[in-house]
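Right, one structure below, let's go through it.
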Amino acid sequence: MSTTSIPDRSIRICADRGGTFCDVHASYPDPQNPDERKELVVKLLSQDPGNYEDAPTEGIRRVLEAVTGETIPRGSVLKTDKIDYIRLSTTVATNALLERKGHKHALVITKGFKDLLLIGNQSRPKIFDLNIRRPAPLYSKVLEVEERVTLVGYTSDPKAEEHAVQFDDEGKVVRGYRGKGWDGQGDAEGPGEIVKGLSGEAVRIMKKPDPAVVEPDLKALHDEGFRSIAIVLVHSYTFPEHERLIGDIARKVGFTHVSESAQLLPMIKMVPRGVSSTADAYLTPILREYLDGFFNGFDSKLKDGTLRSPRVEFMGSDGGLLDLDNFSGLKSILSGPAGGVVGYALTSWDEKEKHPIIGLDVGGTSTDVSRFDGRYEVVYETTTAGVTIQSPQLDINTVAAGGGSCLSFRNGLFLAGPESAGAQPGPACYRKGGPLAVTDANLLLGRLIPDYFPKIFGKSEKEPLDSEASRTAFDKLAAEINADQDKKLSLDEIVYGFIKVANETMCRPIRALTEARGHATSKHTLASFGGAGGQHACEIASLLGIKTILIHRYSSILSAYGLALADRAFELQEPCSTFYTPQNVPTLKSRLDKMTKDVRAELEKQGFEEHRIHVERMLNMRFEGTDTALMVLPAEGDGNGDEDFEAAFKRVYKSEFGFLLETKVIIVDDIKVRGIGKTFDTLGQSVYAEVEQLTKKNVDHNAKVDSRYSVYFDKIGRVDDTPVFLLDKLDIGDVVEGPAMIIDDTQTIVIVPGAKAVLTSKHLFITLE
């Protein structure tokens, strides 16, 4: 293929750098028919320092070679004139947090609160442990600043007129009261100036930071080698001016990264806001270093490290695409798994059938589980590696069980994980001297066939999986296991025993997302993806009572494919602290309207037409006297377009806690508007509708079986002549009955006895008896 046949700005590239593999999905105009696009998939190891420095860059190089027909030497600067966009999801920040290899930074906090983040919220997740190990804080040093503001009272409390401060329309104090809620010190004008905070609360400025003191202190930190700081001040969510002042001084001193907590998260609760800010100061510099190295591999580099063209976008933890300016370490913690959630949600959901879907992403290092029931399930406070972060993230449960999970026998128990062989050295069969892993077990059971698996191993990167290395290691482990047994187990029984343990481990987070929240697992569809998903999907569905499984044609690289389908997201959030009463609803709606207008303007500026912009308006609500706020979308009102937030809040609250506090007033802590710029108007007919209309026919074994292989199945043992089909050679409507294997270049799908698989235009639609 010649370069001239590919128009400029026409290749679209999406890369997902996971823990073990880096997946790349690309599309480009068909030279024979420019109105249609051809697709290309590249899969390579995330880490292979002997052959390349950065996996996404190497994947893009291979795409450009394949599409343009040019030979591009490794290490050369890549030309970008043919590329329309690059979309990237990365686990760089996630791994830095898990491995505690982030950037050294200091915490700047209000004087008297030095130990606040160390004390935390006093939660004890392992209350009966005799040896409590508290995770160390992310920051290396603390600088206390003499500043203080206090809250005087709610301005809109319908029951507190005796001690409220009243403001005029310009935010100036009209009068204050000496009533029950007042502190008895002077009147409303003193001591300390009283101003109206962003949330509507009255804020008394007790002490402003003194630049003459702050600047030398920050210079001392800079001289010690600190280049990143997190600034966390009391009540800055509603009065951020002091944080801005310190932030400006820090930048002037020479700090390259400054995380101001109020700018990152204008939300109440100082502890999670503070921890989130330290996480951002810890992770963002690491992420920026990685991205600077990534951008250096391309020819259109600007001084600030961005690409002029093509445009580069990143997957955020909440499932929306972000540009470089809005992408940070805090927003990238679930960057990789989020692409997969978007991928299965947009390709598996049927608006008419409304079957809830469980997403099962079995990767090399871990398994990520999520649920989709018409909209993304988002949580606003999560704990990762002992760090509680307050930031919107898709509700994804991760368990350390994947293709690379290490297998061991301890104290009479079969164990799969949590340790992982990763990409370096990888499982024993990767030819790098690695430990036994789930991949080795699947290989020995016949569920992976070396002849069909990518030959990317060994020093030459061209050798197949080494089944002998797996067998030798398992023989040694089997001897150890049988030495403790009265009844000797066969090698197949032992190997399959580890698979059963791994399957049960993967089911645990699924039950936590469904049964633990009142959803019947059996009423869901299982969307399986990830490189190892197809080997476990049927058995996991059987354990959960699920009868329908969807496996996308690109399931092994669905996190990368999801990037191609994802929408651009932009959101604004403001603190509120207002009682949800009929008198205050018009003001709340007015603020929502203004934020909606600003969100739409930003997305229009990014190139989205008005009909492609979808807006969600939310309130973060709680009952007075309670601690936990819930972010809710409004329920449908009276049919006139009214938003009924109260009904929505009570429905969500009762679902979450099982009761309502009917006598309590509802407080609005925050207001939020999220805008979504749609990449596609529609993705076409759903898979369920297609299956209904398909003319199905049993596959012709004589014509379609590519080979036969010995595969071990539960209950029936080895089936020596299990048929092996190539996915590309099957026709739409072909029905494959288990036991069977369906394989393409990047995945192996095991169809167990009793299961039927129907091929549709984009999926394998599998039903169990």
Side-chain angles (χ1 to χ4, degrees), residues 403 407 414 427-429 436-455 464-479 481-482 487-503 531-543 549 551 698-730 734-759 764 766-769:
L407 306 180
F414 285 36
C429 56
L436 268 181
V438 171
T439 299
D440 295 298
N442 279 316
L443 180 62
L444 286 193
L445 294 175
R447 296 167 177 227
L448 288 175
I449 306 176
D451 289 346
Y452 296 96
F453 203 85
K455 296 175 178 58
L465 291 171
D466 185 358
S467 54
E468 281 308 308
S470 301
R471 185 173 298 278
T472 302
F474 260 117
D475 282 340
K476 182 179 176 183
L477 185 60
I481 292 169
N482 278 327
K487 178 190 173 186
K488 304 300 180 189
L489 300 172
S490 70
L491 184 63
D492 277 343
E493 287 173 324
I494 288 171
V495 175
Y496 187 70
F498 282 106
I499 293 295
K500 288 181 80 171
V501 170
N503 288 342
Q535 294 140 50
H536 299 265
C538 286
E539 288 165 334
I540 287 174
S542 183
L543 286 170
I549 305 166
I551 300 182
N698 287 330
V699 69
D700 183 346
H701 277 232
N702 294 327
K704 298 288 180 69
V705 171
D706 192 71
S707 64
R708 293 185 180 273
Y709 202 71
S710 176
V711 184
Y712 184 88
F713 294 95
D714 190 22
K715 296 176 182 172
I716 65 171
R718 285 243 165 218
V719 179
D720 292 328
D721 62 345
T722 303
V724 178
F725 299 93
L726 295 181
L727 185 62
D728 292 342
K729 298 292 176 65
L730 294 176
D734 277 352
V735 178
V736 175
E737 295 189 17
M741 306 254 282
I742 300 175
I743 296 177
D744 71 3
D745 291 340
T746 60
Q747 64 181 327
T748 300
I749 300 161
V750 178
I751 311 296
V752 300
K756 283 185 182 179
V758 180
L759 183 68
L764 266 179
I766 302 172
T767 51
L768 302 180
E769 288 180 344

*Does Val699 reach the side chain of Leu730, with side-chain heavy atoms less than 4.5 Å apart?*
yes
*Do you know which two heavy atoms are closest between Ala441 and Leu407, and how far apart they sit?*
CB-CD1, 4.0 Å
*Taking atom CZ of Phe414 and atom CD1 of Ile494, what is their separation to the nearest 0.5 Å?*
5.5 Å
*Search all heavy atoms of Pro723 against all heavy atoms of Val705 and return the closest pair with its distance.*
CB-CG2, 3.9 Å
*Heavy-atom distance under 4.5 Å between the side chains of Val719 and Val711, does that happen here?*
no
*Look up atom CG in Leu436 and atom SG in Cys429, then write down how far apart they are to the nearest 0.5 Å.*
9.0 Å
*Supply the atom-to-atom distance Leu444 CG to Phe498 CZ, rounded to the nearest 0.5 angstrom.*
11.5 Å
*What's the shortest heavy-atom distance between Leu443 and Ser467, and which atoms?*
CD2-CA, 3.5 Å
*asked:* Between Cys538 and Ile549, does the side chain to side chain contact (heavy atoms under 4.5 Å, CB included) criterion hold? Intermediate values first, please.
replied: CA-CA 7 Å; Cys538 286; Ile549 305 166; 4.1 Å; yes
Report, one line per pair, each donor and acceptor closer than 3.5 Å where one atom sits in a side chain of residues 468-476; sequence neighbours left out.
| unit_1 | atom_1 | unit_2 | atom_2 | d |
| --- | --- | --- | --- | --- |
| Ser470 | OG | Asp440 | OD1 | 2.6 |
| Thr472 | OG1 | Glu468 | O | 2.9 |

*Short question: side chain of Lys756, backbone of Thr767 - any donor-acceptor pair under 3.5 Å?*
no
*Euclidean distance, Leu445 CG relative to Gln535 CD, rounded to 0.5 Å*: 10.0 Å
_Test item: Ser707 side-chain N/O and Val724 main-chain N/O as donor-acceptor pair under 3.5 Å_ = no
_On a heavy-atom basis, which atom in Glu493 and which in Ser490 lie closest, and how many Å separate them?_
OE1-N, 2.9 Å
_Distance-only polar pair, side chains of Asp706 and Tyr452, donor-acceptor under 3.5 Å_ = yes
*With Asp734, which residues qualify under salt bridge (Lys or Arg N to Asp or Glu O under 4.0 Å), at least two apart?*
Lys697, Lys704
*Spatial distance of atom OG1 (Thr439) from atom CG (Leu465) [nearest 0.5 Å]*: 8.0 Å
*Sequence neighbours left out, what passes side chain to side chain contact (heavy atoms under 4.5 Å, CB included) with Asn702? Give chain and number order.*
Asp700
_Interatomic spacing from CG in Leu764 to CG in Leu759 - rounded to 0.5 Å_ = 5.5 Å
*What heavy-atom pair brings Ile751 and Val736 nearest, and what distance separates the two atoms?*
CG2-O, 4.4 Å
*Between Phe725 and His701, how do the two ring planes meet: parallel, tilted or perpendicular, split at 30° and 60°?*
perpendicular
*What closest approach, in Å, do Gly446 and Met741 show between heavy atoms, and which atom pair accounts for it?*
O-CE, 3.0 Å
*Any side-chain heavy atom of Ile449 within less than 4.5 Å of one from Thr748?*
no
_Take a 6.0 Å sphere around NZ of Lys500 and say whether it holds more than 12 heavy atoms from other residues, nucleotides or ligands._
no
_Check whether Arg447 reaches the backbone of Asn442 with its side chain - one donor and one acceptor, N or O, closer than 3.5 Å._
no
*Between Thr722 and Phe713, is a side chain to side chain contact (heavy atoms under 4.5 Å, CB included) present by the stated rule, with each step listed?*
CA-CA 10 Å; Thr722 303; Phe713 294 95; 3.8 Å; yes
